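These notes are about the structure you will find just below.
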Amino acid sequence: MRRPGPLPVNTWPAEGSHYFERTFHFMAYGLALVRFLHWAASLLLTASLLARVFLLPQGWLGDAPHVKAWRDRYLSRLGRLARTAWAVALLSWVLWSGLTALIMIGTDQFSDSSVVATVLVHTQFGRLSTARLAILALTGGCLFASRRTPARERGVLTALTVALTILNTLTLALTGHAAATPGAAGTWHLAIDALHLAAASVWPGGLACFALLLGSMMASPALDLRTAAARATTRFSASSLVAVAVLGATGLANSCFFFHDVRTVCTSLYGRLLLAKVLLFFGMLGFGAWNLFVLKAKLTRETQGAAAGRPTSTTRALFRNVLWEMALGTLVILAVAVLGMTEPPRP
């Protein structure tokens, strides 16, 4: 069975008039924007749920009322972030599916419900669209059900929600070029792409959750909260290192499926976009390395020797660097969204 791949430009209706040419260019830009929103929201949704169970475990914190109140506020913010990301992911996927169907069947047949139904039921992309919509609907149901469930009874519901969000992220591999690779090579390509997406959920996906934690730490004068946040920084840095290693290895493996000649990296549009993505990735690595090898050690020393009061300059520098990482990560995701619509070089 053929896998659903990215929609090539030559499948668009070729009316030839300036009006239709302008219309479909506009639709292409809209599809790129929708793809970007969906990728970013899906990664953020997975990261926000992983952060709840990984970034700040209950065992690190004491039973002091101000500590519990601080953790509750942070988890509440993570919950709002997850629900917002879910809403954006759902809406953007509906728009993505609609725009793709519009490009596939043309504007003149889009109002025909039987044609639309045929696309949804009898095409690979249509079935994928329906399946991912069901995954997102179930995820939303779990997210909102957890708000009404007592904290002690959320274990199974939380595990199910995390599993659904990870599945939603991994199935994004079916919307990219890896899904169009035939044979056994295609299976490997899909697996590599899925692993790449899983790592991206940790870093850069988790940067927003980490920034929320740093912001909460900066707003509190309590030393025990700063100590917990410093330990969370160490935990996030360690997971980010693993994610960066996986991203580098899988990214290199992915490029081997398209580039059999180094010259095509610079001569093809796909290669130039990929090169821009790599440069942005190395910019993020620079900030991450500064945070890990310079600021993290300073933060630990200052937390041990500081008195309660306003945040240190190291904390502010770390927070500022994380914001820069997030900005570069946003550009990386935008590059990925455009790459998915760009025809790669073929041997």
Side-chain angles (χ1 to χ4, degrees), residues 6 32-33 35-47 50-51 85 169-170 172-173 175-178 189-211 214 233 236-259 262-296 317-345:
L33 176 60
R35 286 171 63 95
F36 160 71
L37 289 174
H38 186 74
W39 277 74
S42 295
L43 293 178
L44 190 55
L45 175 59
T46 304
L50 290 176
T169 299
L170 294 182
L172 278 173
T175 67
H177 293 298
H189 199 176
L190 273 175
I192 291 169
D193 228 11
L195 188 58
H196 193 79
L197 285 162
S201 297
V202 178
W203 186 90
L207 285 170
C209 306
F210 184 52
L214 289 176
T233 301
F236 181 75
S237 298
S239 60
S240 296
L241 275 178
V242 176
V244 166
V246 173
L247 285 171
T250 53
L252 183 61
N254 269 332
S255 65
C256 292
F257 286 94
F258 301 125
F259 298 106
V262 178
R263 289 175 297 180
T264 57
V265 176
C266 296
T267 57
S268 65
L269 175 59
Y270 188 92
R272 291 193 292 270
L273 285 170
L274 184 61
L275 188 59
K277 175 193 168 186
V278 170
L279 291 175
L280 290 168
F281 176 76
F282 277 112
M284 293 180 67
L285 276 184
F287 282 108
W290 186 4
N291 294 342
L292 177 62
F293 297 111
V294 178
L295 297 182
K296 189 188 76 171
L318 181 61
F319 183 70
R320 184 171 58 248
N321 282 1
V322 170
L323 293 181
W324 276 109
E325 281 186 85
M326 289 173 59
L328 292 176
T330 301
L331 294 177
V332 167
I333 296 172
L334 179 59
V336 170
V338 177
L339 279 168
M341 297 179 60
T342 305
E343 189 69 23

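Values in this document were obtained by computation on a predicted structure and should not be read as measured data.
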To the nearest 0.5 Å, how far apart are OG in Ser201 and CG in Leu170? 7.5 Å
Are side-chain heavy atoms of Asp193 and Thr250 found at a separation under 4.5 Å? no
Side chains of Leu207 and Met284 in contact at under 4.5 Å (non-hydrogen atoms): yes
Tell me if the aromatic rings of Phe257 and His177 count as close, with their centers under 6.0 Å from one another. no
Residues Asn291, Glu325; criterion side chain to side chain contact (heavy atoms under 4.5 Å, CB included); working and verdict: CA-CA 10 Å; Asn291 294 342; Glu325 281 186 85; 2.8 Å; yes
Using every non-hydrogen atom in the two residues, find where Leu197 and Thr169 come nearest and quote the distance to one decimal. CD1-O, 3.4 Å
Do Thr330 and Phe36 come within less than 4.5 Å of each other through their side chains, counting heavy atoms only? yes
For the residue pair Val338 and Leu273, establish whether any side-chain heavy-atom pair is separated by less than 4.5 Å. yes
Do Leu285 and Phe282 touch side chain to side chain, with heavy atoms closer than 4.5 Å? yes
Is the shortest heavy-atom distance from the side chain of His196 to the side chain of Leu247 under 4.5 Å? yes
Let me confirm one number: the CZ-CH2 distance from Arg320 to Trp324, rounded to the nearest 0.5 Å. 10.0 Å
Is the closest side-chain heavy-atom distance between Thr46 and Ser42 below 4.5 Å? no
Apply side chain to side chain contact (heavy atoms under 4.5 Å, CB included) to the pair Phe258 and His189, showing each step before the final yes or no. CA-CA 11 Å; Phe258 301 125; His189 199 176; 3.5 Å; yes
Taking all non-hydrogen atoms of both residues, which atom of Ala211 and which atom of Met326 are closest, and how far apart? CB-SD, 3.9 Å
What one should report as the nearest heavy-atom pair of Ala173 and Ala178 is O-CB, 4.4 Å
Which distance, rounded to the nearest 0.5 Å, do you find between the CG of Leu44 and the SG of Cys209? 6.0 Å
Flag the pair Trp203 / Val242 as yes when at least one side-chain heavy-atom distance between them is below 4.5 Å, and no otherwise. no
Give the minimum heavy-atom separation between Ala40 and Ile333, together with the two atoms involved. N-CG2, 3.9 Å
CG/Leu274 to CG/Leu269 distance, rounded to the nearest 0.5 angstrom? 11.0 Å
Using 0.5 Å steps for rounding, measure from the CG atom of Leu214 to the CG atom of Leu318. 5.0 Å
Output for pair (Leu280 CG, Leu328 CG), nearest 0.5 Å, gives 6.0 Å
